[in-house]
Q: 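Dropping the structure in here first, questions after.
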Amino acid sequence: MISVKKVNNRPLNFLERIYLPEIARGLAVTMRHFFVNLFNPSGMPTVQYPEQTRPLPGNANLRTRHRLKVRADGSPKCVACFMCQTACPAYCIHIEAAEYAENSVEKYPAVFDIDLSRCVMCGMCVEACPEDAIAMDTREIPGGALHRGEMLMNKEGLLRNLPGEPSTLGASNRLANEYLEGKK
Amino acid sequence: MIEFYEANKDILLFSGAAAVKVLLFLGGVMSFTALLTLAERKVSALMQDRVGPNRASVFGLALNGLFHPIADAIKMILKEDFVPGKAEKLLFTLAPFFALVPVLALFAFIPFGDYVMVFGYQLELQIAEVPLALFYVLALSGLAIYGVFLGGWASKNNFALLGALRGAAQMVSYEVVLGLTLVGLMMIYGTAGLQDLVRAQGALLFGFVPAWGVVVQPVAFILFLIAAIAENKRTPFDLVEGESEIIGYFMEYSSMRFAAFMFSEFVEIILVAMLAATLFFGGWQVPYLYDTGFILPGGKALALNHYIVAALQVGSFSVKTVFFSWFLLVVRWTLPRFRFDQLMGLCWKALLPLALLNILVTGAVLLALGKIR
């Protein structure tokens with residue numbers, strides 16, 4: 001059922017047709033905004049962005065700059081499976097895999113670059129990751145830069161744990177860790 | 001040398017005074033124009049709850065956007081000066097001059113003060129004293145059509161030509177209304193010189209109301225304002241440019257040639273503001289201020305030095321100009337654009353009959369009061 005909104009197009013009365021009173025009403029609106037903002041500039045919603053920022057909403061949908069999680073022993077959780085690189089619609093992730101010398105069954109990323117100037121902040125990489133190694137919860141918003149190189153993040157810049165991490169247990173995500181804690 | 005000076009004293013003094021007046025007045029107008037480009041962006045921003053430009057800075061000092069006109073000028077100068085291959089080169093080059101020169105020439109007739117005594121000479125604060133200045137104003141503002149039309153035609157671009165055609169039709173039509181609204185003023189004050197017109201507006205009606213044009217000709221003022229905004233080609237009459245549809249007669253222009261068109265538009269804002277102040281709001285007149293000082297209707301008087309009086313009068317003219325420039329900006333950012341048929345209908349079916357009726361009523365009233373026979 002399509003809802004129909006009936007617009008009451010009544011014919012204009014004489015005062016509206018000669019337009020001048022309506023111009024005065026329109027001017028009153030714009031001039032009110034002008035003077036209110038002139039004498040109370042802090043009342044405007046504009047934020048001078050790079051210098052000022054708004055508090056971010058703390059909900060789970062928030063996607064901010066990426067980070068790579070770190071295990072308790074300091075190694076990256078990432079196993080260089082290329083899932084995020086494959087999922088990325090903007091082709092902004094570049095991974096080069098390597099193997100641990102002492103543990104040849106597990107890979108690690110020798111190179112993990114994210115080009116923030118191409119990233120569309122869609123969060124597909126986070127959803128694709130089987131190891132929960134990449135996250136977008138640093139609460140930092142990638143801003144502008146004067147050179148393209150400044151927008152390129154490498155592995156060293158991405159590896160970071162938030163307070164409370166990492167778990168000392170082996171599993172890759174917090175729920176699994178809680179499960180393991182309960183088993184003990 | 002001295003003999004030459006003595007023999008040609010009058011003409012030398014006149015030329016020197018005129019040169020100084022041109023430099024001061026036109027310099028003031030030009031710098032105000034530059035500030036107006038910033039004011040347009042700031043006023044529109046404040047009306048839309050935005051902050052507006054405030055980032056251009058010199059040594060980290062932004063002064064809330066005061067350097068943006070300079071940044072704009074540098075950008076305009078550095079851009080490529082492009083001439084389309086099929087364009088009519090000579091006219092394409094001349095068109096920006098045709099747009100800018102008549103508008104700047106018009107400032108010669110606008111009195112920005114009464115007079116000042118300098119070393120015993122009475123210096124009129126008006127660049128050119130022309131007895132029929134009102135007709136000169138109309139004639140020169142008519143010349144501005146050439147800039148629009150040549151620019152559009154010489155570009156050899158269909159959209160530019162469309163804008164130019166609209167511009168010519170619009171400006172010719174509103175020129176008629178503009179001229180007719182001023183007839184009532186000439187009938188009442190009995191003069192067509194702008195300085196005389198302003199002096200006549202210093203009289204008092206009924207002993208306490210200043211005889212400003214807006215008091216004796218309120219309808220003419222509204223018609224004049226509408227026609228002047230249309231002459232100025234700004235919203236709600238900006239079909240000449242029509243940036244969402246045809247982009248206008250200066251579509252093929254870039255760099256400083258484009259800037260000349262933009263600049264002439266902003267100079268015209270000041271011109272319209274000055275004309276509105278001069279013709280309808282007493283020009284440099286301050287109510288109850290005379291040569292010797294304030295004389296209030298009750299009979300109380302406050303004697304003032306001649307130079308203070310002159311400064312007050314020039315200041316009054318500046319304040320009126322700034323106010324009307326601001327008002328024109330607010331109008332431009334409030335009203336939506338007319339359709340072209342509405343624009344023409346408004347001119348020929350509404351404004352023109354009203355202007356003629358205004359002349360008729362003015363004549364009838366003057367006849368009834370016995371001012372004319």
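As a basis for the values below, the full set of heavy atoms in this structure was taken, side chains included, without hydrogen atoms, waters or symmetry mates. Labels below follow one simple rule: chain letters A, B, ... track the order of the sequence lines, proteins then strands, and each chain is numbered from 1.
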Q: For the atom pair OG1 (A/Thr138) and CZ (A/Arg67), what is the distance rounded to the nearest 0.5 Å?
A: 8.0 Å
Q: Under 4.5 Å between any side-chain heavy atoms of B/Leu138 and B/Leu182, yes or no?
A: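 They are in side-chain contact.
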Q: What pair of heavy atoms forms the shortest contact from B/Leu178 to B/Ala227, and how long is it?
A: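 Looking at all heavy atoms of both residues, the closest pair is CD1-CB, 3.8 Å.
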Q: Considering only heavy-atom distances, could you tabulate the donor-acceptor pairs under 3.5 Å between chain A and chain B?
A:
from	atom 1	to	atom 2	distance (Å)
A/Thr30	OG1	B/Thr334	OG1	2.9
A/His33	ND1	B/Asp49	OD1	3.0
A/His33	ND1	B/Asp49	OD2	3.4
A/Asn37	ND2	B/Leu46	O	2.6
A/Asn37	ND2	B/Asp49	OD1	2.6
A/Gln48	OE1	B/Asn54	ND2	3.4
A/Gln48	OE1	B/Arg55	NH2	2.7
A/Glu51	OE1	B/Arg55	NH2	3.1
A/Glu51	OE2	B/Arg55	NH1	3.4

Q: By number, which residues in residues 81-97 of chain A have some heavy atom less than 4.5 Å away from chain B?
A: none
Q: Side chain from CB out, backbone as N, CA, C, O: work out which of these in A/Ile18 comes under 4.5 Å of a heavy atom of chain B, or both, or neither.
A: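 No part of A/Ile18 comes within 4.5 Å of chain B.
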Q: If you round to the nearest 0.5 Å, how far is CZ of B/Phe338 from SG of B/Cys347?
A: 11.5 Å
Q: Counting only non-hydrogen atoms closer than 4.5 Å, can you tell me which residues of residues 119-126 of chain A sit against chain B?
A: none
Q: Please tabulate, one pair per line, all N/O donor-acceptor pairs under 3.5 Å involving side-chain atoms of residues 142-154 of chain A, not counting sequence neighbours.
A:
from	atom 1	to	atom 2	distance (Å)
A/Asn154	OD1	A/Gly157	N	3.1

Q: Does any part of the side chain of B/Leu35, heavy atoms only, come nearer than 4.5 Å to the side chain of B/Leu66, both counted from C-beta?
A: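 A side-chain contact under 4.5 Å exists here.
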Q: Does the side chain of A/Ile134 reach to within under 4.5 Å of the side chain of A/Ile114, using non-hydrogen atoms?
A: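 With C-beta onward as the side chain, the pair touches.
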Q: Which value, rounded to the nearest 0.5 Å, describes the distance between B/Leu279 atom CG and B/Leu225 atom CG?
A: 11.5 Å
Q: Do B/Phe327 and A/Met31 come within less than 4.5 Å of each other through their side chains, counting heavy atoms only?
A: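 Yes, close enough: below the 4.5 Å cut-off.
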Q: Does any backbone or side-chain atom of B/Leu346 lie under 4.5 Å from a heavy atom of chain A? Answer side chain, backbone, both or neither.
A: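 The answer is neither part of B/Leu346.
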